[in-house]
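Letters A, B, ... mirror the listed sequences (proteins, then strands); counts begin at 1.
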Amino acid sequence: MKKNTKRIIFHIDVNSAFLSWEAVYRLQQGETLDLRTIPSVVGGDPKSRRGIVLAKSIPAKHYKIQTGETLYAALEKCPHLKIVSPSYGLYVRCSNAMVEILKEYSPIVQRFSADECFLDYTGMEPHFGEPEAAARRIKNHIYRELGFTVNIGISTNKLLAKMASDFKKPDQVHTLFPWEIPKKMWPLPVEELFMVGRATVPKLHKMRIFTIGDLANYDPVHIRHRLKSHGIMIWQYANGIEDSAVRGGNAIEMKGIGNSTTIAFDVEDRKTAHKILLSLTETVAMRLRDAGYCCRLVAISIKNSDFYTYSHQRKLLAATDATGRIYQTVREIFDEVWQGEKIRHLGVRVSDFCSNEFFQHSLFDEADLEKTRALDQTIDRIRLKYGTKSVMRASFLYSDIKPLSGGVGQDDFPPMSSIL
DNA sequence: TCTGGGGTCCTAGGACCC
DNA sequence: TCTGGGGTCCTAGGACCC
């Protein structure tokens with residue numbers, strides 16, 4: 001990034017993403033009712049103990065229904081609430097389609113999550129006009145082609161653009177240029193600032209900081225003393241200071257890959273736990289290979305029936321992308337920490353990556369290594385082509401446990417590079 | 001059947017080495 | 001016998017985001 005260049009950054013945020021996408025899909029399928037116009041939520045299945053609100057419509061919001069709360073609580077607030085199940089594969093397609101449209105307006109588009117993108121509009125005025133006009137054009141383009149609405153925030157950096165897209169919704173374009181900060185951002189409650197979360201709010205309140213403006217005008221030395229580096233960061237954010245680049249293309253390398261699952265019943269025996277860990281490891285290892293990495297660190301996490309979560313990890317002597325090798329470690333470290341209590345949720349995660357290229361032509365003397373790699377790769381290809389159930393381990397044959405688990409749920413085969 | 005799943009970054013303590 | 005300190009790696013846990 002050149003200095004002294006005024007950047008123009010857009011932040012694009014899909015309004016009630018999962019719910020909008022469900023609504024559009026159902027309308028396309030011939031339904032006449034638009035979920036966005038009634039109190040409705042996308043929610044998990046309480047029978048499998050995933051019964052929380054994932055997304056809500058604006059009418060549902062008027063009943064004070066909040067993302068993350070239980071469907072049980074949501075139904076108490078609104079007994080006639082319409083609840084629909086998530087379809088993650090659909091969301092991946094909607095998200096990808098939006099990114100494709102955005103790329104027509106700038107080569108530099110950064111996917112920030114399934115429903116949020118940054119777009120660097122710097123230097124694009126000759127093509128699409130003034131920033132606000134261009135943003136409206138993009139917003140309308142997405143609505144016309146894909147059927148859902150977005151908010152677009154405009155500023156000179158990512159932080160301010162993101163704060164701007166959070167102003168009045170839906171289907172709006174807002175600016176938050178540096179000179180607008182005192183008027184548009186400082187009056188907001190401090191908890192609305194990006195990176196000020198549940199744990200930080202009470203600490204700030206204790207310091208008599210209630211608005212973003214209070215934070216911006218507080219002595220940064222004091223902030224640092226109490227909140228360390230995180231304090232300095234949010235103080236800078238409150239003052240609109242942030243200069244990270246919009247990282248387009250494949251500039252974002254992954255630091256870790258993990259999958260976890262809440263089990264429909266409490267697991268009480270080691271054998272069942274191992275089976276679930278294996279199904280998670282299958283998914284994680286496949287994604288690892290798809291990304292072209294080997295990992296050096298393997299971790300598991302356990303949430304027990306008291307909702308207490310703990311984890312254990314182990315550094316490997318040699319990097320690997322083999323399902324078998326990772327699973328062996330997973331099983332060992334699980335056995336090391338599990339105390340025999342009831343388990344609600346299990347997770348497997350790998351990190352500390354290096355490229356797997358070296359291994360393609362390796363001189364490794366371990367006889368089975370090449371064969372193992374070939375087998376893993378073959379299975380990956382078959383599953384990609386014929387679905388996840390085309391190849392499964394015999395141990396899953398007569399069990400209720402899915403041979404692959406994690407994240408994307410029932411959808412047969414999600415795009416591997418997806419961020420969902 | 002009341003509480004999801006995917007990430008990143010930071011801190012702090014202990015081990016170990018010089 | 002007494003007394004160090006800095007640097008790095010590893011691990012666990014917490015905070016934050018969507």
Where do A/W21 and A/F148 land on the ring-ring contact (aromatic ring centres under 6.0 Å, His included) test, with the steps shown first? CA-CA 7 Å; A/W21 292 336; A/F148 55 84; 5.8 Å; yes

[N] [atom2] sits how many Å from [X] [atom1], rounded?
X      : N      : atom1 : atom2 : value
A/L280 : B/dG4  : CG    : C1'   : 14 Å
A/I65  : B/dC2  : CD1   : C1'   : 15 Å
A/Y91  : B/dG5  : OH    : P     : 15 Å
A/K56  : C/dC18 : NZ    : C1'   : 12 Å
A/L159 : C/dC16 : CG    : P     : 16 Å
A/F353 : B/dT8  : CZ    : C1'   : 12 Å
A/W338 : C/dA12 : CH2   : P     : 18 Å
A/H230 : B/dT8  : NE2   : P     : 17 Å

Are OP1 or OP2 of [N] and a side-chain N or O of [X] less than 4.0 angstrom apart?
X      : N      : result
A/T262 : B/dG5  : yes
A/R49  : B/dG4  : no
A/R344 : B/dT3  : yes
A/H345 : B/dG5  : yes
A/H312 : C/dA12 : yes
A/T200 : C/dA15 : no
A/K315 : C/dC10 : yes
A/K255 : B/dC9  : yes
A/T261 : B/dG5  : yes
A/N259 : B/dG6  : yes
A/S229 : B/dT11 : yes
A/K228 : B/dA12 : yes

Check the side chains of [Y] and [X] for a donor-acceptor pair under 3.5 angstrom, ignoring hydrogens and angles.
X      : Y      : answer
A/S279 : A/R393 : no
A/T67  : A/E69  : no
A/K158 : A/Q110 : yes
A/T175 : A/E132 : no
A/R296 : A/T320 : no
A/T323 : A/E282 : no

For [X], report the nucleic acid contact type (base, sugar-phosphate, nothing); a contact means any heavy atom under 4.0 Å.
X      : result
A/K303 : sugar-phosphate
A/E116 : sugar-phosphate
A/F194 : sugar-phosphate
A/K47  : base
A/T309 : nothing
A/R296 : nothing
A/S48  : nothing
A/G44  : nothing

Taking the nucleotide of DNA chain B with the closest heavy atom to each, which residue, A/M254 or A/F265, is nearer the 5' end? A/F265

Nearest-angstrom distance, C1' atom, B/dG4 to C/dC17: 15 Å

Tell me whether A/F307 is stacked on the nucleobase of B/dT3, counting only the six-membered base ring and applying the 5.5 Å and 30° thresholds. yes

Among [options], which nucleotide has an atom closest to any side-chain atom of [X]?
X      : options               : answer
A/I52  : B/dG4, C/dC18, C/dG13 : B/dG4
A/S311 : C/dC16, C/dA12, B/dC2 : C/dA12
A/R50  : B/dG4, B/dT3, C/dC16  : B/dG4

For B/dC18, which nucleotide is its Watson-Crick or G-U wobble mate, given both distances must be under 3.5 Å? C/dG5

Is C/dT1 in the syn range, within 90° of 0, or in the anti range? anti

Start with the C-alpha gap between A/N15 and A/T149, add the side-chain angles, then the distance that decides, and say whether side-chain hydrogen bond (donor to acceptor under 3.5 Å, both in side chains) holds. CA-CA 6 Å; A/N15 302 127; A/T149 62; 2.8 Å; yes

